[in-house]
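Lettering follows sequence order; numbering is per chain, from 1. What you see is a predicted model, and the numbers here were worked out from it, not measured in a lab.
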Amino acid sequence: MDRRKFFKASLAGGAALATGAASCPAQARDNKSLPPEALGLLFDSTLCVGCKACVAACKEANGMPPEFSTQDQYWDTPLDISGKTLNVIKAYKHGTLEKKDGEENGFAFIKKSCMHCVDPSCVSACPVQAMKKDPKTGIVSYDKDACIGCRYCVAACPFGVPRFTYDSPTPRISKCQLCVHRHKDGKYAACAEVCPTGATLYGTVADINKEIARRKALKPGEKTQFPRGRLGGPDQSYPGVAAKYLDHTYGEKEFGGTQMLLLSGVSFQKLGYPDLPPRSDAALSETLQHTLYGGLIAPIAVLGALTFVAKRNVKPEDEEGGHHG
Amino acid sequence: MADHAHAPRPLGGNLLTPFTLLLGVLAAIAAAILLYRFINGLGAVTNLNDGYPWGIWIAYDVVVGSAFACGGYAMALLVYIFNKGQYHPLVRPALLASLFGYTLAGVSVIFDLGRWWNFWHIFWPGYAQVNSVMFEVAVCVSAYIVVMWIEFSPAFLEKWGMKDVKQKLNKLLFFFIALGVLLPSMHQSSLGSLLVIFGRQIHPLWQSGVLLPVIYLMTAILLGFAVVVFEATLSSAGFGRPLETKVLTPLSKIMYWLLAAYVVVRVLDLVFRGALGTAFAATWQAFWFWVETAAFVVPLALLSTEQARRSAAKLFTGAVLLMLGGMLLRINGFLVGYMTGDGWHYFPSFAELMVTVGIIAFEILAYIYIVRNYPVLPAAQPATR
Ligand code: SF4
Ligand code: SF4
Ligand code: SF4
């Protein structure tokens, strides 16, 4: 084959691959949408007093071991979520610490646990369906008996949520599963159940969004009732005063939305939450995969072309071992 | 071309040399570390953490390792698809190196899997999750390893005197060769696609989004050619055989133009995504980006003339630089450019490094064993000396 033919053949091959790639753009997928009975959490940083009752309750409800960060190992003192800790409260501090919920010279508390994303990266990444999103409640759960321990979910989650027990010969992923194991006893998220101020609330995402709208409509300083425990459950509300909220509700748009939603007076990036685009990475990744491999159409077409060409070019070797192309 | 002179022959010769002994010791050390890892967990030997859940066992052993093993793929593409018959003598040795490279890359995944006893779930309906890029990579790599063993089996069948099996296989070989070109095209590109879902956690210099598969595929083929040049040079020195410059010079010309195309794609991608500016920041990422870029651009200057491509020294230097560039592209994408927020650090532990070294040592050892005992390398032609 001379050079001209070689380049022609290369172009033809490239064109075949490209048409294969472009042949099913219909499968390009958008962000997934919120499941019909989506459950979630509302965390209102302005109500959180940093008591960490939710951290202790989460440990107990999930049978997780204590973790120590002080020299005298008296009590559970996790600094971050980890293989042993599914939920932490972190503090934001600035300057003289005079004002609660103030960015300047103030302080605030923030919860960190799984966001139960509407279109989760962990689920899209997991090669063995060990990470699953419930089609009804949208709870993202983990099945250790399916998991191969590849940690693609750990690497993919933009919130750094799934953690791994590296120190075990039989390791597993640890992440909040919205206490789904307690549902059968009629119980709900332990963190929300014990929260004394209602900073962490459990409920359907629909109810949570209503509550968010209600709070944002309040004027700072206005008297109001704050529910505790579970939205739509028995009334445990108490009187309080509305704080000054940012316009931004974290999780409303970020990354295609999340089922844990956050309210705050301090910007979320200062509280350690990443600035994320409205499109989920899962949507882009899966669109790419489906475009290239959807229905195996492109690979089969390319294989056909390659087989045809190879059949012409491969001369069966004879016993003498003479086998040039 | 005189077929008889080029027919592959076993090299014979002594297997036990100080060099092979050293390789054996290195492989044994790696085996001991791995035993310890399986008893005590990944944390006992690696520096992995939740900010860097993947270390060099993935970034190097699997992602770089399989790309270094693309010689067989690149040569099959050239010889059987583009019908460049004159490169035929390079196919078998390249395929052999690929066979080991891929098989070890595949096996070394197991070392890194936390719950390795479940690894078969990836292939099992009911567990398999087809939207996962890793699913595609795993299935495709495994299939390719099987296909390569089939493609390579004539060498064994020849040695074992199983002529009728070999003849039957030969009739079907074209199909396996086609598969052997399709599969690496799929998974080498997907190794890049693995990064898509990491989104903003990958530095803009390496987060090329939908172009990731193109960039990884082009460099995989490029690496394939570079590795063929590299291995041909080394094995001609190591086994005291003449260097096949007659084949390597035109081969490096193809490599050269592919390299030029790659550099254009890479630069345009950075420009259009508006990422180029970050290359001028005072960061480690920018520093390693320039090292990577130099490793691609220097060969572009070095091998630009026909005369340069005739020089064995320049060919070898160019190939080594390209291998470095392809390796850095991958290490940068998976580790240097991977940013999960403040406070996370990763540098491979000594034990992690020794496992990687041991795997490479084992690979070379196996290659030496096979070419001394099976018909792989073309018989030397005194005329080309
Ligand atoms: S926060 Fe992370 S772990 Fe939780 S659902 Fe989203 S992607 Fe998955
Ligand atoms: S570590 Fe387990 S849960 Fe996470 S992606 Fe891998 S197999 Fe799935
Ligand atoms: S829902 Fe349950 S597991 Fe999740 S943070 Fe709250 S207590 Fe922990």
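- Counting heavy atoms from C-beta on, the side chains of I122(B) and Y127(B) never come closer than 4.5 Å.
- The residue among G43(B), G41(B), S132(B) with the most heavy atom pairs within less than 4.5 Å of chain A is S132(B).
- For chain A, the option among V137(B), V109(B), L77(B), N49(B) with the highest count of heavy-atom pairs below 4.5 Å is N49(B).
- With no hydrogens or angles considered, no side-chain donor-acceptor pair links Y144(B) and Q188(B) at under 3.5 Å.
- Only the side chain of L288(A) comes within contact range of chain B, with at least one heavy atom under 4.5 Å from a heavy atom of that chain.
- With a 4.5 angstrom heavy-atom cutoff, L194(B) touches chain A via backbone and side-chain atoms both.
- With a 4.5 angstrom heavy-atom cutoff, D143(A) does not touch chain B via any of its atoms.
- At a 4.5 Å heavy-atom cutoff, the contact between N40(B) and chain A is made by backbone atoms alone.
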Checking side-chain hydrogen bond (donor to acceptor under 3.5 Å, both in side chains) for the pair N131(B)/S124(A): CA distance, chi angles, key distance, verdict? CA-CA 6 Å; N131(B) 294 325; S124(A) 173; over 6 Å; no
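- In terms of heavy-atom pairs under 4.5 angstrom with chain B, the leader among A283(A), A125(A), A146(A), S121(A) is A146(A).
- With chain B as the partner, the residue from V128(A), V309(A), I81(A) showing the most heavy-atom pairs under 4.5 Å is V128(A).
- With a 4.5 Å cut-off on non-hydrogen atoms, I39(B) touches chain A through its backbone but not through its side chain.
- The structure places CG of D80(A) at 8.5 Å from CD of E67(A), a figure rounded to the nearest 0.5 Å.
- With contacts defined as side-chain heavy-atom distances shorter than 4.5 Å, the pair C58(A)/M64(A) does not qualify.
- Residues N47(B) and S349(B) bring no donor and acceptor atom of their side chains to less than 3.5 Å of each other.
- Note: A128(B) leads G209(B), A128(B), A138(B) in heavy-atom pairs under 4.5 Å with chain A.
- When the candidates D281(A), V123(A), I148(A) are compared by the number of heavy-atom contacts under 4.5 Å with chain B, I148(A) comes out ahead.
- Residue K132(A) qualifies as open at atom NZ: its count of foreign heavy atoms under 6.0 Å is 12 or below.
- When each of G304(A), A155(A), C126(A), A282(A) is scored by its heavy-atom pairs under 4.5 Å with chain B, the top score falls to A155(A).
- The contact between S168(A) and chain B is made entirely by backbone atoms, counting heavy-atom distances below 4.5 Å.
- Residue F255(A) does not touch chain B at all, counting heavy-atom pairs closer than 4.5 Å.
- Both the backbone and the side chain of P277(A) come within contact range of chain B, each with at least one heavy atom under 4.5 Å from a heavy atom of that chain.
- Every residue meeting the ring pair (Phe, Tyr, Trp, His ring centres under 6.0 Å) condition with Y250(A), not counting sequence neighbours, appears here in chain and number order: H248(A), F268(A), Y273(A).
- Of the atoms belonging to W124(B), not a single heavy atom falls under 4.5 Å from chain A.
- The one candidate from H116(A), M115(A), K253(A) that meets the side-chain contact (heavy atoms from CB on, under 4.5 Å) condition with T258(A) is M115(A).
- For chain A, the nearby part of W344(B) is the side chain; its heavy atoms alone come within less than 4.5 Å.
- Ranked by non-hydrogen atom pairs under 4.5 Å with chain A, the options N118(B), D50(B), V196(B), L48(B) are led by D50(B).
- Neither the backbone nor the side chain of T46(B) comes within contact range of chain A, judged by heavy atoms closer than 4.5 Å.
- For P375(B), no part lies near chain A; criterion is any non-hydrogen pair under 4.5 Å.
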With side-chain hydrogen bond (donor to acceptor under 3.5 Å, both in side chains) as the test, would you mind laying out the steps for Y80(B) and H88(B) before giving the verdict? CA-CA 9 Å; Y80(B) 299 117; H88(B) 200 283; 3.2 Å; yes
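- Contact annotation for F198(B): both backbone and side-chain heavy atoms come within less than 4.5 Å of a heavy atom of chain A.
- Every side-chain contact (heavy atoms from CB on, under 4.5 Å) that S108(B) has, sequence neighbours left out, goes to D61(B), V62(B), F111(B), I359(B).
- Side-chain N/O atoms of S174(A) and Y142(A) include no donor and acceptor closer than 3.5 Å.
- Between Y338(B) and W54(B), the gap from one ring centroid to the other reaches at least 6.0 Å.
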